[in-house]
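Just below is one structure, and these are the notes that go with it.
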Amino acid sequence: MEIRGAEAVLTEETYEGKPAIRKNRIKKAYRLPKLDQTIRGERTLAEERLLVRARRAGVRVPTVWTRDKTSLILEKLPGTRVKELLETTTRQRAVAAAIGRAVGKLHRAGIIHGDLTTSNMIWDKDIAFIDFGLGKMSRSAESQATDLYVLKEALNAAHSAHAASLWEAIVHEYEKEYPDAARVLKQFAIIERRRRYRG
Ligand SMILES: Nc1ncnc2c1ncn2[C@@H]1O[C@H](COP(=O)(O)OP(=O)(O)O)[C@@H](O)[C@H]1O
Ligand SMILES: [Mg+2]
């Protein structure tokens, strides 16, 4: 398997006999070589740090087994991508509830995932989040609300038949998990209105 994204190439390999994924940040020809190396190194390090913090916050994420300057060797998580799972399972609301809890835990710990789509979630009896490549640390309501907005848009785009009931279950659990949820949801409503009027 090889997956080429905009920022990284993912390849399957083994690490000490265990199934692993190498996530290597790609060279960008438009950047000066030395600067390119620095940027790829910094982003690799930033993603590793966010994975460690997310784990500490109680969210299931792949373990970083080792790294070099521009790639992470990640534990390959078993299970089904939530993108595919939501098309087949009859337990949509349970999956959505787990998503809401996990996002609440991240936000409570000051972590913004940055790309909450169902391609970046894996289900194996519980939810795991991957791909913190666009993540950052922030406790601002605007950042947290934007994180939720990306998630809602992703559900509308990829799972339109269930999007409304998935969203309801997500918000319900998010509010239970995260004491500051009301403030974020208020900001979320402002963002939605802003985007609607801008079209
Ligand atoms: N640790 C992992 N375990 C299992 N599958 C993974 C793992 N990391 C990535 N993948 C698979 O590779 C795909 C792309 O990885 P991701 O980290 O999201 O990179 P990108 O930045 O290109 O989106 C994911 O959607 C998932 O299917
Ligand atoms: Mg991804």
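Just so you know, these numbers use all the heavy atoms, side chains as well, and skip hydrogens, waters and symmetry mates. Every number for a ligand or one of its atoms is a count from 1 in the order of the listing.
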Open item on the list: Run Arg53 and Glu47 through salt bridge (Lys or Arg N to Asp or Glu O under 4.0 Å) and show every step you take.
Closed with: CA-CA 10 Å; Arg53 288 184 142 131; Glu47 185 165 6; over 6 Å; no

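Tyr15 and Glu75 share no donor-acceptor pair across their side chains, judged by distance under 3.5 Å alone.
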Could you list, one pair per line, each nitrogen or oxygen of ligand 1 together with any protein nitrogen or oxygen closer than 3.5 Å, giving atom names and the distance rounded to 0.1 Å?
residue: ligand 1; atom: 1 (N); partner: Glu75; partner atom: O; Å: 2.9
residue: ligand 1; atom: 3 (N); partner: Leu77; partner atom: N; Å: 2.9
residue: ligand 1; atom: 17 (O); partner: Lys23; partner atom: NZ; Å: 3.0
residue: ligand 1; atom: 18 (O); partner: Asn120; partner atom: OD1; Å: 2.9
residue: ligand 1; atom: 18 (O); partner: Asp131; partner atom: OD2; Å: 2.8
residue: ligand 1; atom: 21 (O); partner: Asp131; partner atom: OD2; Å: 3.2
residue: ligand 1; atom: 23 (O); partner: Asp131; partner atom: OD2; Å: 2.9
residue: ligand 1; atom: 25 (O); partner: Arg81; partner atom: NH1; Å: 3.1
residue: ligand 1; atom: 25 (O); partner: Ser119; partner atom: O; Å: 2.9

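The CD1 atom of Ile127 sits 9.5 Å away from atom OG1 of Thr118, with the distance rounded to the nearest 0.5 Å.
Ring centroid separation for the pair Trp167 and Phe188 comes in under the 6.0 Å cut-off.
Between Tyr178 and Tyr174, the ring-plane angle classifies as perpendicular under the 30° and 60° cut-offs.
For the pair Arg101 and Glu177, the salt-bridge criterion is not met [side-chain N within less than 4.0 Å of a carboxylate O]. Ion pair Glu142/Arg194 flagged as a salt bridge, since at least one NZ, NE, NH1 or NH2 atom sits closer than 4.0 Å to an Asp/Glu carboxylate oxygen.
Lys76 pairs with exactly one of Leu10, Thr14, Ile21 by the side chain to side chain contact (heavy atoms under 4.5 Å, CB included) rule, that one being Ile21. Just one residue in the list Arg43, Lys28, Arg31 forms a salt bridge (Lys or Arg N to Asp or Glu O under 4.0 Å) with Asp36, and that residue is Arg31.
For the Mg ion (ligand 2), the nearby protein N/O/S atoms, meaning those under 2.8 Å, are Asn120 OD1, Asp131 OD2.
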